[in-house]
Every structure is written in structure tokens, then in C-alpha cells.
Number of protein chains: 2
Amino acid sequence: MKKTILVFAVLILAILALLHFSKYAILVGDSSVEWIIAVIALLFFFIGIYINKRSLKKSSETSNEINIKTIEKLEISKREYEVLKAIASGLSNKEIAAQLFLSESTIKTHVSSLLLKLNAKRRTQAIQIAKEMNIL
Amino acid sequence: MKKTILVFAVLILAILALLHFSKYAILVGDSSVEWIIAVIALLFFFIGIYINKRSLKKSSETSNEINIKTIEKLEISKREYEVLKAIASGLSNKEIAAQLFLSESTIKTHVSSLLLKLNAKRRTQAIQIAKEMNIL
DNA sequence: AGAAGAATGGTACTTTAGTATGAGCCTCTA
DNA sequence: TAGAGGCTCATACTAAAGTACCATTCTTCT
């Protein structure tokens with residue numbers, strides 16, 4: 001946010017400097033003032049839109065960064081995380097096993113440890129908790 | 001979107017008209033041009049931010065409107081929808097029954113018809129499908 | 001090399017989930 | 001008023017999900 005303000009200030013200064021030259025051109029006597037102002041207005045209009053969009057993107061990326069740290073804090077392994085994603089996509093243990101080329105008992109083991117680590121009683125609760133923690 | 005463009009056009013015209021008067025003031029000879037331009041730049045900057053935010057809000061509201069229509073299309077009743085929300089929050093059938101003051105078999109009936117209507121095989125899949133359809 | 005942890009899988013058992021079917025009750029509408 | 005649809009509940013099953021314990025293999029780190 002501090003960076004955008006700085007960039008913004010520099011832009012204003014640059015445009016003011018630009019005006020310093022165009023000021024003499026105005027004295028020649030035509031209606032180019034309106035044009036310059038219109039262009040500047042449009043420019044800042046789109047700058048506003050751009051900055052707003054970027055700040056929204058950044059905030060969503062920040063929540064993504066939290067993800068990985070949370071996963072590490074909970075000591076969820078890669079395989080377990082894969083299983084978690086598969087659960088969230090609505091697959092059964094058997095289907096997950098087929099997708100990852102594993103046996104169903106292996107999936108059950110992963111699921112059980114996942115439920116422990118997420119402090120959930122059911123896979124549906126695990127999905128809810130994981131989404132609340134921005135893990136999914 | 002068409003409305004915002006119209007409003008935008010009117011604003012530009014208004015400012016151009018305002019300039020028509022200030023033009024004569026400039027001929028008196030001071031550096032107020034920079035000030036006017038700076039104010040206009042700022043104004044349009046914030047207009048850009050405002051319009052961008054509003055359009056984002058509208059798009060999120062639109063997806064909310066789709067919800068209700070989709071629910072009606074799938075012929076999901078109020079009770080079934082309550083159960084669906086409870087499922088998505090990670091509750092078991094027994095817990096849902098307690099929450100809604102119903103018997104577990106009633107919940108099972110609702111869940112079964114929900115799975116049929118959502119074309120899901122499991123409750124986890126129902127959650128996934130419902131979220132994809134913006135029902136949840 | 002050896003400990004630690006991740007990944008894999010098996011057996012046996014308990015608990016939920018989900019299906020099928022039938023039935024009673026209520027409300028709204030043709 | 002009769003039927004349709006929604007809501008409730010029960011029984012009897014079958015199928016998943018989840019737990020507990022144990023064992024093996026494979027990295028990885030010290």
C-alpha cells in the first residue's frame with residue numbers, strides 16, 4: 001500500500017512537470033486544454049481501476065501464502081494433502097485409491113491421520129475445517 | 001455496465017463545461033491550471049476505484065441470484081436445503097437430526113433425495129457439486 | 001550405519017452413510 | 001374433496017467410512 005502511494009505521488013509530479021511545458025503552448029491560443037485534461041482524467045481513471053484490481057489480487061494471494069504455513073504447522077504430509085484434496089472433490093476412498101494407484105487401506109490410514117491432524121470427526125468436517133483454514 | 005458508461009460520459013461533459021468558465025480565469029494569469037488538473041486527476045482516480053469496486057460487488061451478487069434459481073430448478077425443498085447446509089458444515093446425520101429436532105431417519109430420507117437431485121453418490125460429492133453450482 | 005518419519009498395506013471390528021419401501025400427516029390447489 | 005407434494009418416521013439392509021494395531025519398505029538426516 002505504501003508503494004502504490006509512492007508511485008502515485010511520482011505520477012502526479014511527472015504530470016505537473018509535463019504541464020509546465022504545455023502551459024506555454026496554451027498561450028498560443030487554442031482549445032487544447034480541454035483535450036489535455038480529458039486525457040489526464042481518463043489516465044487516472046484507469047490507474048484507479050488498475051490499482052484497485054491489483055490490491056484485490058494481492059489480498060487473495062496473501063491468503064494463499066497462509067495455506068502452506070498452516071499445512072506445515074499441522075504437519076500434513078504431501079500424500080495426506082493429496083488425499084485431502086481428493087476428499088474435497090467428493091471422491092470415495094476406493095476412488096482415491098484408484099486415482100493414486102494405492103490400496104484402499106492406505107487411503108484409510110491417510111484419512112485417519114488427516115482427521116486427527118485437522119481435529120475432525122468426519123471427512124465432511126475435515127473439508128469444512130480445511131476451507132476455513134484456507135488450506136483448500 | 002451500460003449505466004456506468006453513461007454516467008461516465010455525463011461526468012466528462014460536466015467537467016468540460018466547468019472548464020469553459022475556468023478558461024477565462026486562466027487568462028488572468030496564475031498557476032491555477034495545475035491545481036484544477038490535479039483535482040480532476042484525483043477525482044477520476046477515485047471514480048475509477050469506485051466503479052471497479054461496484055462492478056465487482058455486482059458480479060458477486062449476480063452469482064447469488066443464480067443460487068436460488070438453481071435450487072428451484074433442482075426442486076430442492078427448504079428442509080432439504082437446510083440439511084444440505086448442515087452437511088456442508090461437516091455434521092453427521094445424528095447431529096443434523098439433533099440440530100433440527102428431527103429423527104435420524106428423517107435426515108437420511110432428506111439426504112437420499114438430495115443426492116438424487118444433485119446427482120451425487122456421496123455427501124462429500126454433494127458438497128462439491130453444490131459449491132460448483134453456487135448453491136452454497 | 002542407524003534412528004526417525006513418511007508411505008504403504010493388511011486384518012478385524014465398530015460406526016456412519018446410504019438405499020428401499022411403506023406409511024401417516026399436513027397444506028395447497030385443481 | 002381428491003390428489004400432489006412436502007415432511008416426518010420406522011424397519012431392514014448393504015455399503016462405505018473410520019479405528020486400532022501391526023508390519024514392511026524407503027528416504028532422509030545425523
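Lettering follows sequence order; numbering is per chain, from 1. Every value quoted in this text rests on a predicted model; they were computed, and no experiment measured them.
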Heavy-atom side-chain proximity of B:T70 to B:I76 below 4.5 angstrom = no
Just call it for A:S103: base, sugar-phosphate, or nothing, with non-hydrogen atoms closer than 4.0 Å on any strand.
-> sugar-phosphate
Between C1' of D:dA17 and CZ of B:R123, the distance in whole Å = 11 Å
Output yes when a side-chain donor or acceptor of A:Q125 lies under 3.5 Å from a complementary backbone atom of A:K121, and no otherwise.
-> yes
Distance check: side-chain N/O of A:T106 vs OP1/OP2 of C:dG9, anything under 4.0 Å?
-> yes
Can you list, by residue number, the residues of residues 72-93 of chain A that have a non-hydrogen atom closer than 4.0 angstrom to DNA chain D?
-> A:S92, A:N93
A:E75 and A:K117 ion-paired at < 4.0 Å = no
In whole angstroms, the gap separating C1' of C:dG18 from CD of B:Q125 amounts to 13 Å
Think A:S112 has a side-chain N or O under 4.0 angstrom from the OP1 or OP2 of D:dT19?
-> yes
Exercise: do A:Q99 and A:E95 side chains pair donor with acceptor under 3.5 Å = no
Which nucleotide sits closest to the side chain of A:K94: D:dA10, D:dA16, C:dG18?
-> D:dA16
Tabulated below should be each protein N or O lying under 3.5 Å from an N or O of nucleotides 22-28 of chain C; please produce it.
none

Along DNA chain D (nearest heavy atom to each residue), the more 5'-positioned of A:R122 and B:L102 | B:L102
Can you tell me the distance, in whole Å, between the NZ atom of A:K121 and the P atom of D:dA16?
-> 25 Å
Atom CG of A:L118 to atom P of D:dG18: distance rounded to whole Å?
-> 12 Å
Distance only, no hydrogens: is a donor on one side chain within 3.5 Å (strictly under) of an acceptor on the other, for B:T106 and B:T109?
-> no
Spell out, as yes or no, whether a donor-acceptor pair under 3.5 Å connects the side chain of B:E80 to the backbone of B:S77.
-> yes
Respond yes when some side-chain nitrogen or oxygen of A:H110 is under 4.0 Å from OP1 or OP2 of C:dT8, and no when none is.
-> yes
Considering only NZ, NE, NH1 and NH2 on the basic side and carboxylate oxygens on the acidic side, decide whether A:E82 and A:R79 come within less than 4.0 Å.
-> yes
A:N93 pairs by side chain to side chain donor-acceptor pair (under 3.5 Å) with which of A:R123, A:H110, A:E104?
-> A:R123
A:K108 NZ - D:dA15 C1' separation (whole Å) = 10 Å
Could you state the atom-to-atom distance from CD of A:E104 to P of C:dT8 in whole Å?
-> 15 Å
Rounded to the Å, how far apart are A:I96 CD1 and C:dA7 P?
-> 15 Å
Between C:dT19 (P) and B:L116 (CG): distance, integer Å | 7 Å
Whether A:S112 side chain and A:K108 backbone form a donor-acceptor pair below 3.5 Å = yes
